[in-house]
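Data block below; observations after.
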Amino acid sequence: MSQASAVAYANIALVKYWGKRDSALNLPAAGSLSLTLNTLRTDTMVHFDESLTHDSFELDGRESDPRKLTTWLDLVRARAKLQTRAHVVSRNAFPTASGLASSASAYAALAVAASSAAGLSLTVRELSELARRGSGSAARSIFAGFALMHAGTKADGSDAVAEPIVGADDWDLRMVIAVVGGGKVKGVSSRDAMEHCAATSPLYQAWLDCVPNDVQAARSAIDARDLAALGAITRDSAMAMHAAAMASRPPVRYWQAATLRCLDRVEELVGSGIPAYPTMDAGPHVKVLTDAAHCQEVARAIGEIPEVTEVKICAPGPAAHLLSEASD
Ligand code: 2P0
């Protein structure tokens, strides 16, 4: 009987991940680059309990279907040579499965908690790989601040891991998140959407062709602390990803009318000289990259849009970490 608790924070990709080279091992088709945020937090407790006959999963106070979790926990059990079932309790400090990157913080927190509870002592690289098996973006949430995810080339996926590039304290940017439509659960999962896009979108290959240059340019912009350069890549990568998704047959469209209103408002801000660069994930919400000096003004401007139900200002956030050591 062994238990551990961990916390992890969601990340928002500045250069997006959209498409896989292997679905079974969840290997990305291209690299990506992200910023871990300080407020989108998941707390997870894992308890391997001899008295259980199956895994149980409580998410945000409700019993949830444990099937996907069991498949992932089997990886941990195989590595730890363990048969024991687990009780998992997880809580998100933000809407689940709505395009606010809840699976990223979820599987990063799970990787840290479950490996510790199982008695494993994994390196951060191994934690990143384990988190990736649950959700591609989770590999990046193992790390603080800016993280670079490698597509890797190995068939076993051991090189498809993230690495930290610039820490949370090393560049004081802000991500302003406009929650559109109350953060309701999205219609089509990003996993299904990216598979459908890869299979049917005439723009999918063009999208993949953009990514290596965008990752390289984003790295250079981060090294130079050049917000205008990083912001332009952030905006362009998101638009290219959504263009590829929208060109799927039938289309995958996460945008709502309020999404466009947010993008219009961001353009107005840019027109008045404010650094504001939008990005969007598998949901209608708009996230705006800006700096500490302008984040309040950006938040006020997009908060005025009627369908924007909540605005969060996030700063670079910490790495996933244990809250309590494993105990017997
Ligand atoms: C990203 N997204 O880079 C991209 C941009 C959504 C849009 O990673 O299938 O839950 O579990 O590996 O990580 C969301 O997809 O996908 C995502 P899986 P994941 O953040």
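Computed from a predicted model, the values in this text were never measured in an experiment. If you read the sequence from its start, that first residue is 1, and numbering goes on from there. Just follow the structure's listing: the first ligand is 1, and inside any ligand the first atom is 1.
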Mind checking whether Ser190 contacts ligand 1 via backbone (N, CA, C, O), side chain (CB onward), both or neither, at a 4.0 Å heavy-atom cut-off? side chain
Please classify the Asn26 to ligand 1 contact at 4.0 Å (heavy-atom distances, strictly less than): side chain, backbone, both or neither. side chain
Ligand-side contact atoms (ligand 1) for residue partner Gly136, heavy atom cut-off under 4.0 Å: 11 (O), 12 (O), 13 (O), 18 (P)
Ligand-side contact atoms (ligand 1) for residue partner Ala13, heavy atom cut-off under 4.0 Å: 1 (C), 3 (O), 20 (O)
Can a non-hydrogen atom of Arg140 be found less than 4.0 Å from any atom of ligand 1? yes
Check for me whether Met149 has a heavy atom closer than 4.0 Å to any atom of ligand 1. no
For ligand 1, find out whether one of its N or O atoms is nearer than 3.5 Å to an N or O atom of [X].
X: Ser32; value: no
X: Lys16; value: no
X: Trp18; value: no
X: Ala282; value: no
X: Ser103; value: yes

For Arg140, which of Ser135, Ser32, Ser128 qualifies under side chain to side chain donor-acceptor pair (under 3.5 Å)? Ser32
Would you tell me which option among His242, Lys20, Arg133 has the nearest heavy-atom contact to atom 9 (O) of ligand 1? Lys20
Nearest to atom 16 (O) of ligand 1 by heavy atom, Met241, Lys68, Met280, Met194: which? Met194
Please determine whether a side-chain nitrogen of the Lys or Arg among [X] and [Y] lies less than 4.0 Å from a carboxylate oxygen of the Asp or Glu.
X: Asp156; Y: Lys154; answer: no
X: Arg125; Y: Glu163; answer: no
X: Glu267; Y: Arg265; answer: no

Please check if the number of heavy atoms outside Arg253 that lie under 6.0 Å from its CZ is greater than 12. no
May I ask you to check whether Lys287 and Thr234 show a side-chain donor-acceptor distance below 3.5 Å? no
So, applying side-chain contact (heavy atoms from CB on, under 4.5 Å) with [X], which one of [options] is it?
X: Leu25; options: Lys20, Glu129, Arg132; value: Arg132
X: Leu289; options: Val266, Leu230, Ile12; value: Leu230
X: Arg91; options: Asp60, Thr42, Leu59; value: Asp60

